[in-house]
Protein chains: 2
Amino acid sequence: MEFLKKPHLKRVPKLSEQVAEILASELERASIQPGEAFPSEAELSERFEVSRTVIREALARLKYDGLLESRQGSKSIVAQPGSQRAFRLDRLEVTDLAKIGYLYEFRAILESAAAALAAKRRSQENPENLRKHLETMEQAVKDHLDATAANVDFHMEIVEASGNPFLKDFMHFFRGKIWDLVQADRDCSNHQGLPPEVQQEHVTIFKAISAEDSDIAREAILTHLINAARRSGITIFNSE
Amino acid sequence: MEFLKKPHLKRVPKLSEQVAEILASELERASIQPGEAFPSEAELSERFEVSRTVIREALARLKYDGLLESRQGSKSIVAQPGSQRAFRLDRLEVTDLAKIGYLYEFRAILESAAAALAAKRRSQENPENLRKHLETMEQAVKDHLDATAANVDFHMEIVEASGNPFLKDFMHFFRGKIWDLVQADRDCSNHQGLPPEVQQEHVTIFKAISAEDSDIAREAILTHLINAARRSGITIFNSE
DNA sequence: AAATTTAACTTGACATACAATATTATAACA
DNA sequence: TGTTATAATATTGTATGTCAAGTTAAATTT
């Protein structure tokens with residue numbers, strides 16, 4: 001079991017992380033009103049029975065995310081709602097099937113818009129790259145290999161082609177965080193081979209973007225993602 | 001790094017923030033390959049001529065955002081791309097007009113999808129709240145007051161009505177971060193009075209959601225946001 | 001009562017020490 | 001020589017103490 005020795009696998013949370021978790025959840029349920037003072041580092045140090053070092057690192061996280069504001073000399077104060085500085089998906093429970101459906105839905109919203117824009121703004125290289133990823137997928141399936149990587153590349157090429165940098169950045173974040181959960185095209189990577197309709201759906205998307213047909217591209221990827229969700233037993237967009 | 005310590009300058013970010021900025025930008029241009037070791041805290045402390053405390057708080061930020069991974073006993077390593085843990089909009093330059101257009105666009109994508117879903121899933125209270133915000137806006141304009149707050153509430157009620165918690169959470173983040181920049185309906189809050197078409201656009205959206213007409217709701221809010229962008233001299237969705 | 005001064009408190013930053021863990025060099029052994 | 005056990009070293013995690021800078025609130029003075 002050599003992989004057990006691989007670093008960064010059995011990571012135990014640092015004290016500051018645990019403290020930050022607790023304080024963040026307390027702030028979330030608004031136990032202290034925005035604008036009011038937060039307990040001092042000394043008080044928290046005494047309450048959690050850890051050093052001020054740990055408390056400071058925990059508070060640094062909350063400040064970094066915009067949950068607290070601090071000035072030298074004065075106590076930290078609870079920030080107003082709406083001053084959030086980061087969007088995170090860490091604290092989601094993957095057990096809830098409905099929640100996963102909403103994630104699918106969120107992805108479908110962004111990717112369908114990306115496909116529509118990609119059809120309008122694609123460069124010459126975008127279709128070439130898409131075709132390349134399609135062929136890689138096809139070959140991988142033929143060889144009974146994992147086609148997930150090429151699949152991800154295909155979808156990422158679409159948001160790349162959309163030309164909107166925020167769309168692209170957000171989908172990169174989204175992918176890294178939860179693509180393994182929302183693996184809508186998991187069919188590609190299981191060992192039973194690729195359902196022919198999946199590859200066909202990909203081809204339809206590719207053709208629409210290549211032909212610069214915005215509406216068809218949007219419809220095609222919407223269909224693709226709705227089908228992919230249904231293959232996982234999930235319904236999105238109230239599309240029975 | 002003596003220039004970092006200028007306490008007489010007002011609004012001086014903390015040392016750890018400045019160091020984190022520098023290190024983050026260095027990581028962004030991939031000066032160190034993913035998987036490779038990052039300089040130790042002692043080295044960085046020496047390089048920046050600050051205490052290890054400052055370095056630790058700076059590194060804590062990078063780890064929190066998933067740019068670095070660390071384990072006790074070993075050097076921190078640069079994380080793989082795709083392990084990003086947070087989506088941020090802090091480091092955007094508001095001077096670039098094209099970039100603001102992409103922000104408008106991003107918002108329009110999410111809100112149009114939200115409106116379409118809201119028409120399907122709205123509760124009984126949602127139209128009531130929307131109507132209330134409409135009236136507040138109308139009254140504010142009539143009294144030559146700022147209608148921005150009610151305007152924001154109106155749009156937020158739509159994403160609330162969409163039923164998708166991620167859509168809602170993200171728009172809350174988005175609003176707090178950049179709504180003042182992407183104030184697409186600024187017309188409502190300036191002192192020259194409300195362009196009649198703006199309130200009319202709002203009414204159209206409200207009616208469509210109330211009538212549970214998904215397609216009209218999407219079209220109406222898309223038109224509204226495209227118009228709002230154009231009133232600010234910005235074109236989105238390549239829609240001249 | 002109002003203004004000013006002083007004291008106490010709080011966060012920002014630094015220095016040091018030690019514990020826990022990983023890596024590397026060394027020694028022992030086959 | 002090559003392999004393995006062991007010791008030395010390096011690195012992060014945590015604790016403690018100190019001081020500086022700035023804010024708040026009480027005390028004092030006018």
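Each chain gets a letter, A, B and so on, in the order its sequence line appears, and its residues count up from 1.
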*Asks:* Does A:K63 place a side-chain N or O at less than 4.0 Å from the phosphate oxygens OP1/OP2 of C:dG12?
*Replies:* yes
*Asks:* In terms of the nearest nucleotide of DNA chain D, which residue is placed more toward the 5' end: A:V54 or B:P39?
*Replies:*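 Nearer the 5' end of the strand: B:P39.
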*Asks:* Among residues 41-51 of chain A, which residues get a heavy atom nearer than 4.0 Å to DNA chain D?
*Replies:*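 Listed by number, they are A:V50, A:S51.
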*Asks:* List for me each residue that meets salt bridge (Lys or Arg N to Asp or Glu O under 4.0 Å) alongside B:E28, sequence neighbours excluded, and say none if there are none.
*Replies:* B:R91
*Asks:* Only counting residues at least two apart or in another chain, list the ones meeting ring-ring contact (aromatic ring centres under 6.0 Å, His included) with A:F106.
*Replies:* A:F170, A:F174
*Asks:* Could you tell me which residues satisfy salt bridge (Lys or Arg N to Asp or Glu O under 4.0 Å) with B:R52, sequence neighbours excluded, listed by chain and number?
*Replies:*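 So B:R52 forms a salt bridge (Lys or Arg N to Asp or Glu O under 4.0 Å) with B:E41.
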*Asks:* Rounded to whole angstroms, how far apart are CZ on A:R56 and C1' on D:dG17?
*Replies:* 14 Å
*Asks:* List for me each residue that meets side chain to side chain donor-acceptor pair (under 3.5 Å) alongside A:S45, sequence neighbours excluded, and say none if there are none.
*Replies:* none
*Asks:* Between the side chains of B:Q84 and A:H172, is a donor N or O closer than 3.5 angstrom to an acceptor N or O?
*Replies:*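 No pair is found: no donor N or O on one side chain lies under 3.5 Å from an acceptor on the other.
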*Asks:* Under 3.5 Å, which protein N or O atoms sit close to an N or O of nucleotides 24-26 of chain C? Give each pair with its distance.
*Replies:*
none

*Asks:* Give every residue pair that meets the side chain to side chain donor-acceptor pair (under 3.5 Å) criterion with at least one member in residues 159-171 of chain B, sequence neighbours excluded.
*Replies:*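 Qualifying pairs, neighbours excluded: A:E105-B:N164, B:E160-B:K168.
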*Asks:* Could you pull out all residues at least two apart from A:Q139 that satisfy side chain to side chain donor-acceptor pair (under 3.5 Å)?
*Replies:* A:D143
*Asks:* Do the ring planes of B:F154 and B:H202 sit parallel (below 30°), tilted (30 to 60°) or perpendicular (above 60°)?
*Replies:* tilted
*Asks:* Base, sugar-phosphate or nothing for A:T53? Non-hydrogen atoms, less than 4.0 Å.
*Replies:* base
*Asks:* Using a cut-off of strictly less than 4.0 Å between a heavy atom of the residue and any atom of DNA chain C, enumerate the qualifying residues of residues 67-80 of chain A by number.
*Replies:* A:S70, A:R71, A:Q72, A:G73, A:S74, A:K75, A:S76
*Asks:* List for me each residue that meets salt bridge (Lys or Arg N to Asp or Glu O under 4.0 Å) alongside B:E57, sequence neighbours excluded, and say none if there are none.
*Replies:*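 If we apply the salt bridge (Lys or Arg N to Asp or Glu O under 4.0 Å) test to B:E57, skipping adjacent residues, the hits are A:R56.
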*Asks:* Using the test side chain to side chain donor-acceptor pair (under 3.5 Å), find all partners of B:N126 that sit at least two apart in sequence or belong to another chain.
*Replies:* B:S123, B:E157
*Asks:* In whole angstrom, what separates A:L59's CG from C:dT10's P?
*Replies:*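 Going from CG in A:L59 over to P in C:dT10 covers 13 Å.
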*Asks:* Respond yes when some side-chain nitrogen or oxygen of A:R52 is under 4.0 Å from OP1 or OP2 of D:dA15, and no when none is.
*Replies:* no
*Asks:* Using salt bridge (Lys or Arg N to Asp or Glu O under 4.0 Å) as the criterion, list what pairs up with B:E26, not counting sequence neighbours.
*Replies:*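 Salt bridge (Lys or Arg N to Asp or Glu O under 4.0 Å) check on B:E26 returns B:R47.
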